[in-house]
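Input: a single structure, listed below in structure tokens.
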Amino acid sequence: METAPWFIHKLPDGSCEVDQHPEAETPTLKTWGPFTEQGEALAKRVGLIRSGQCLPRQPVQKED
């Protein structure tokens, strides 16, 4: 069974997200991929963060 490839999308806020869509739902500054495995894409995203090409995603704050 073949799975869809994975992509990394740099968002306007400078963060990067990993998903299986070649084009993100929101405007992107850059896209990397395709990657055959999610783990490969996640490792590349970590490298992009470490090299300053992407900002880490901020955790979503829950309001009580």
Side-chain angles (χ1 to χ4, degrees):
M1 182 172 123
E2 194 170 314
T3 61
W6 292 88
F7 297 87
I8 303 168
H9 302 290
K10 184 172 183 177
L11 304 177
D13 68 359
S15 67
C16 289
E17 69 177 9
V18 174
D19 68 30
Q20 288 186 296
H21 302 286
E23 295 186 17
E25 293 178 14
T26 59
T28 61
L29 301 176
K30 185 167 181 160
T31 298
W32 292 268
F35 300 96
T36 55
E37 297 181 13
Q38 183 182 23
E40 181 184 7
L42 291 171
K44 175 66 174 179
R45 181 179 166 268
V46 169
L48 292 169
I49 291 169
R50 288 182 176 168
S51 69
Q53 295 185 59
C54 290
L55 297 174
R57 297 283 307 224
Q58 297 299 317
V60 176
Q61 299 289 327
K62 288 186 185 178
E63 292 189 29
D64 293 328

Interatomic distance, Leu29 atom CG to Leu11 atom CG [nearest 0.5 angstrom]: 7.5 Å
Where Pro5 and Pro34 come nearest, the two heavy atoms and their spacing: CB-CB, 3.5 Å
statement: Tightest non-hydrogen contact, residues Ala41 and Phe35, listed as CB-CD1, 3.8 Å
- request: Please round to the nearest 0.5 Å and tell me the distance separating atom OG1 of Thr31 and atom NE2 of His9.
  value: 5.0 Å
Main-chain N/O of Glu17 paired with Arg57 side-chain donor or acceptor, under 3.5 Å: no
task: Grab the two heavy atoms, one from Trp32 and one from Cys16, that are nearest each other, plus how far apart they are.
output: CZ3-SG, 4.0 Å
task: Kindly give the heavy-atom pair with the smallest separation between Glu37 and Trp6, and that separation in Å.
output: C-CD1, 3.5 Å
Considering all heavy atoms, the nearest Thr3-Thr36 contact: OG1-O, 4.3 Å
- request: For residues Ile8 and Val18, report the shortest heavy-atom separation together with the two atoms involved.
  value: CG1-CG2, 4.1 Å
- request: For Gln20 and Ala4, indicate whether the former's side chain and the latter's backbone hold a donor-acceptor pair under 3.5 Å.
  value: yes
